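Written below as structure tokens is the structure these notes are about.
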Amino acid sequence: MNEFSNECIKIISSIPKGKVMSYGQIAILAGSPRGARQVVRLLHSSSDKYRLPWHRVINGQGKISLDLHSDGELQVQLLESEGIEIGLIGKIDINKYRWNPDCQ
DNA sequence: TGGATGACCTTAA
DNA sequence: ATTAAGGCCATCC
């Protein structure tokens, strides 16, 4: 495991309940402005192994990148359980729920 | 148009 | 077989 992946895991694990982050932001905070896809891979491949709150990670548009008919629906339910308001298209108030560990 | 974003695919150990 | 690491270009507003 390299440092980047480790940072990503820490950052993602640091996302508090009721907050969400985007891939790009996590990648930047992790140290790789172009490593958003690596964050994706980590979430998709090692989410269970590392116990990452993948449901709190969405795209930069504040929407669910997953299929709302499959995993996306599950994520929507999880986010709603945390108090996050989600639109019918999976739109989330990223402006309100954006989590900035650096700013915090 | 242009620029930021991305829930993958491939290779190696 | 599984786990881990790495990246670039099409897509959407």
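The model shown is predicted, which means the values in this text are computed figures rather than measured ones. Proteins come first, then strands; the chains are lettered A, B, ... in the order of their sequence lines, and each starts at number 1.
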Margin query: I'd like to know if the side chain of A:Asn59 reaches the main chain of A:Gly62, judged simply by a donor and an acceptor atom lying under 3.5 Å from each other, with no hydrogens or angles considered.
Written below: yes

Next item on the list: Return yes if some donor-acceptor pair links the side-chain N/O of A:Lys19 with the main-chain N/O of A:Lys96 below 3.5 Å, else return no.
Entry: yes

Check: Which of the following nucleotides, B:dG6, C:dC8, B:dC8, is nearest to the side chain of A:Arg41?
Finding: B:dC8

Note to self: Over all strands shown, is A:Ser5 touching base, sugar-phosphate only, or nothing at heavy-atom distances under 4.0 angstrom?
What the structure shows: sugar-phosphate

Check: For the pair made of CD in A:Glu3 and C1' in C:dG6, what is the distance, rounded to whole Å?
Finding: 16 Å

Margin query: Using whole Å, what does the distance between atom P of nucleotide C:dC12 and atom NZ of A:Lys63 come to?
Written below: 10 Å

Check: Looking across every strand, which nucleic acid part, if any, lies under 4.0 Å from A:Val39 by heavy atom: base, sugar-phosphate, or nothing?
Finding: nothing

Item checked: Separation of B:dA4 C1' from A:Ile58 CD1 (nearest whole Å) -> 16 Å

Item checked: Backbone N/O of A:His69 and side chain of A:Asp67: donor-acceptor pair under 3.5 Å -> no

Item checked: A:Gln61 side chain, from C-beta outward: closest of B:dC8, C:dG6, B:dT5 -> B:dT5

Next item on the list: Using modelled atom types only, decide if a donor and an acceptor are shared between the side chain of A:Gln75 and the backbone of A:Val57 within a distance under 3.5 Å.
Entry: yes

Check: In terms of side-chain heavy atoms of A:Asn59, which of B:dG6, B:dC8, C:dC8 is nearest?
Finding: B:dG6

Item checked: Nearest-angstrom distance from the residue atom NZ of A:Lys91 to P of C:dC13 -> 10 Å

Checklist line | Distance in angstrom units between A:Ile94 CD1 and B:dT5 P, rounded | finding: 11 Å

Checklist line | Spacing of A:Leu42 atom CG relative to C:dT3 atom C1', expressed in whole Å | finding: 12 Å

Next item on the list: Ignoring backbone atoms, test whether A:Asn2 places a side-chain nitrogen or oxygen under 4.0 Å from the OP1 or OP2 oxygen of C:dA4.
Entry: no

Check: Can you tell me how far C1' of B:dT10 sits from NE2 of A:His44, to the nearest Å?
Finding: 16 Å

Margin query: With heavy-atom distances below 4.5 Å as the criterion, would you say the side chains of A:Val39 and A:Phe4 are in contact?
Written below: yes

Notebook entry, point to check: How close or far is atom P of C:dT3 from atom CD of A:Gln38, stated in whole angstroms?
Noted result: 18 Å

Check: So, does the side chain of A:Arg37 form a donor-acceptor pair with the base of C:dC8 at under 3.5 Å?
Finding: yes

Check: Nearest of C:dG6, C:dA4, B:dG6 to any side-chain atom of A:Tyr50?
Finding: C:dA4

